[in-house]
S.K.: 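Before I ask anything, let me first share the structure, which is written out below as structure tokens.
In what follows, chains carry the letters A, B, and so on, assigned in the order in which the sequence lines appear, proteins first and then strands, with residues in each chain numbered from 1. As the structure is a computational prediction, the values presented were derived from the model and not from experiment.
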Number of protein chains: 2
Amino acid sequence: MKSVKSPEELVVAFRAAGLKVTPQRQLLFRLLHGNEMHPTAETLYEVASAEMPGISLRTVYQTLTDLAAMGELQHIQLGGAARFDPNVDDHHHSVCDACGDVRDVYAPNPDHVSVAGLDGFSVRAARIVFSGKCPRCAGAADDLSVSKQ
Amino acid sequence: MKSVKSPEELVVAFRAAGLKVTPQRQLLFRLLHGNEMHPTAETLYEVASAEMPGISLRTVYQTLTDLAAMGELQHIQLGGAARFDPNVDDHHHSVCDACGDVRDVYAPNPDHVSVAGLDGFSVRAARIVFSGKCPRCAGAADDLSVSKQ
DNA sequence: CCCTAATTCGCAATGCTTGCGAATTAACAA
DNA sequence: TTGTTAATTCGCAAGCATTGCGAATTAGGG
Ligand SMILES: [Mn+2]
Ligand SMILES: [Mn+2]
Ligand SMILES: [Zn+2]
Ligand SMILES: [Zn+2]
């Protein structure tokens with residue numbers, strides 16, 4: 001279970017890579033650390049703006065791209081805006097059809113032997129997405145009053 | 001292994017749903033039948049245009065949306081343009097990092113018992129995406145001469 | 001303190017998809 | 001066949017997410 005890098009470690013990693021450590025980046029390092037919400041760039045931008053008015057969405061995207069390039073962040077494409085995950089551990093996700101909530105799921109990796117159709121394909125990663133209803137939304141039946149989280 | 005509906009069956013299904021059967025739709029039914037390329041709307045539009053000049057991209061999107069709503073088509077989000085899959089069987093995909101090629105993969109469904117983090121989540125579907133290098137691109141090593149398929 | 005390459009950030013541009021509405025047409029009934 | 005009408009087509013504008021660009025600013029080393 002590879003642990004997520006702390007803001008301090010990211011500062012070191014950035015400087016080691018010849019990248020500068022700006023207040024904007026430090027803020028984002030903090031907002032991401034231990035963040036299990038799988039936020040979008042826009043969401044992070046809103047939270048960051050509260051603490052640092054004037055930070056730009058462009059800079060948020062830039063920093064997220066840098067972090068992803070350094071392997072400190074996972075870029076998750078589920079349709080709609082990309083989600084970013086500071087948990088770079090090998091794990092999977094559940095996505096609620098009703099409220100969009102994304103959560104971590106740990107499952108044994110698909111064993112390549114019992115898989116048909118991978119002939120000659122060299123697998124770098126195998127990611128599972130579980131779609132369905134989260135406990136909150138499943139409980140509420142087809143009640144439309146459940147607001148998007 | 002649920003088989004894919006034929007163009008003729010789709011004609012019946014459309015009329016049954018109160019939808020009209022236009023030449024544009026019939027063309028798309030044919031182009032999709034047995035299609036294992038996981039095409040984008042744009043790709044389908046190009047192929048369709050060759051046979052029916054003047055067909056609009058808007059209509060392609062419209063028809064794909066209708067088919068997906070009827071459950072005759074899978075909408076696959078992998079980042080970038082959505083891909084459409086007339087194979088509505090329960091299956092998975094491999095995606096080549098180098099050329100973008102998408103292929104069907106059949107694997108036993110993740111067994112819910114050995115999965116941690118799904119507490120109370122009611123799973124509708126579990127989809128695996130295998131990322132890596134397809135046989136063609138793996139063979140070519142890091143050779144950049146491999147053109148996008 | 002200075003220098004400079006890296007960064008920020010606003011704005012324009014891109015790529016993909018959907019909304020809208022006027023003109024057309026499939027399907028059904030007379 | 002012909003008429004009626006609701007569904008469809010399709011071009012264009014708009015929307016959303018993301019990236020390109022470049023002038024102004026700034027981190028960090030000398
Ligand atoms: Mn995660
Ligand atoms: Mn498929
Ligand atoms: Zn939910
Ligand atoms: Zn390939």
S.K.: Rounded to the nearest Å, what distance is computed from the CZ atom of residue A:F14 to the C1' atom of nucleotide C:dT8?
M.R.: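 So the CZ-C1' distance, A:F14 to C:dT8, works out to 14 Å.
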S.K.: Both A:D66 and A:L57 contact DNA chain C. Which one's nearest nucleotide lies toward the 5' end?
M.R.: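 Its nearest nucleotide being more 5', the pick is A:D66.
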S.K.: Answer with base, sugar-phosphate or nothing: what part of the nucleic acid does B:A82 contact at a heavy-atom distance below 4.0 Å?
M.R.: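 Sugar-phosphate, backbone atoms only, no base.
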S.K.: B:R83 has an atom CZ; how far is it from atom C1' of C:dG15, in whole Å?
M.R.: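 These atoms are roughly 15 Å apart.
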S.K.: Taking the side chain of B:A81 as heavy atoms from C-beta outward, which of C:dA6, C:dC16, C:dC9 is closest to it?
M.R.: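 Of C:dA6, C:dC16, C:dC9, C:dC16 is nearest to the side chain of B:A81.
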S.K.: Separation of A:R25 atom CZ from D:dT26 atom P, in whole Å?
M.R.: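 Those two atoms, CZ and P, are 15 Å apart.
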S.K.: Under 3.5 Å, is there a donor-acceptor pair between the A:E8 and A:S6 side chains?
M.R.: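 Per modelled atom types, A:E8 and A:S6 side chains form a pair under 3.5 Å.
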S.K.: Would you kindly check whether a donor in the side chain of A:R15 faces an acceptor in the base of D:dG29, or vice versa, at under 3.5 angstrom?
M.R.: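 By the distance-only test, no, there is no pair.
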S.K.: Please tell me if B:T22 has a side-chain N or O lying less than 4.0 Å from either OP1 or OP2 of D:dT8.
M.R.: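 Negative; the distance criterion is not met.
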S.K.: Heavy-atom nearest nucleotide on DNA chain C for A:G54 versus B:T65: which residue maps closer to 5'?
M.R.: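 On the 5' side of the pair lies A:G54.
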S.K.: Separation of B:M52 atom CE from D:dT9 atom P, in whole Å?
M.R.: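 After rounding, the reported distance stands at 10 Å.
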S.K.: Can you tell me if B:Q24 touches the phosphate of D:dC10, counting only side-chain N or O atoms and a distance under 4.0 Å to OP1 or OP2?
M.R.: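 The answer is yes; a side-chain N or O of B:Q24 sits under 4.0 Å from OP1 or OP2.
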S.K.: Does B:R25 come within less than 4.0 Å of B:D66, counting only side-chain N to carboxylate O?
M.R.: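 Yes, charged N to carboxylate O under 4.0 Å.
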S.K.: Is any side-chain heavy atom of B:D104 less than 4.5 Å from a side-chain heavy atom of B:D85?
M.R.: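 In contact.
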S.K.: To the nearest Å, how far apart are B:L19 CG and D:dA6 C1'?
M.R.: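 Distance check: B:L19 CG to D:dA6 C1' gives 12 Å.
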S.K.: Let me know the distance between CD1 of B:I55 and P of D:dT9, rounded to the nearest Å.
M.R.: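 Spelled out: CD1 on B:I55 to P on D:dT9 is 8 Å.
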S.K.: Measure OH/B:Y61 against C1'/D:dG11 and give the value in whole Å, please.
M.R.: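 Checked: the OH to C1' distance equals 15 Å.
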S.K.: What's the CD-P distance between A:Q62 and C:dG10, to the nearest Å?
M.R.: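 Value for this atom pair: 14 Å.
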S.K.: If the plane angle is over 60° it's perpendicular, under 30° parallel, otherwise tilted; pick one for A:H38 and A:H91.
M.R.: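 Geometry flag for A:H91 against A:H38: tilted rings.
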S.K.: With nearest nucleotide decided by heavy atoms, which residue, A:R58 or A:P23, maps closer to the 5′ end of DNA chain D?
M.R.: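 The residue mapped nearer the 5' terminus is A:R58.
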S.K.: For B:I55, is there any backbone N or O sitting under 3.5 Å from a side-chain donor or acceptor partner on B:T59?
M.R.: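 Checking the backbone N and O of B:I55 against the side chain of B:T59, no donor-acceptor pair under 3.5 Å is found.
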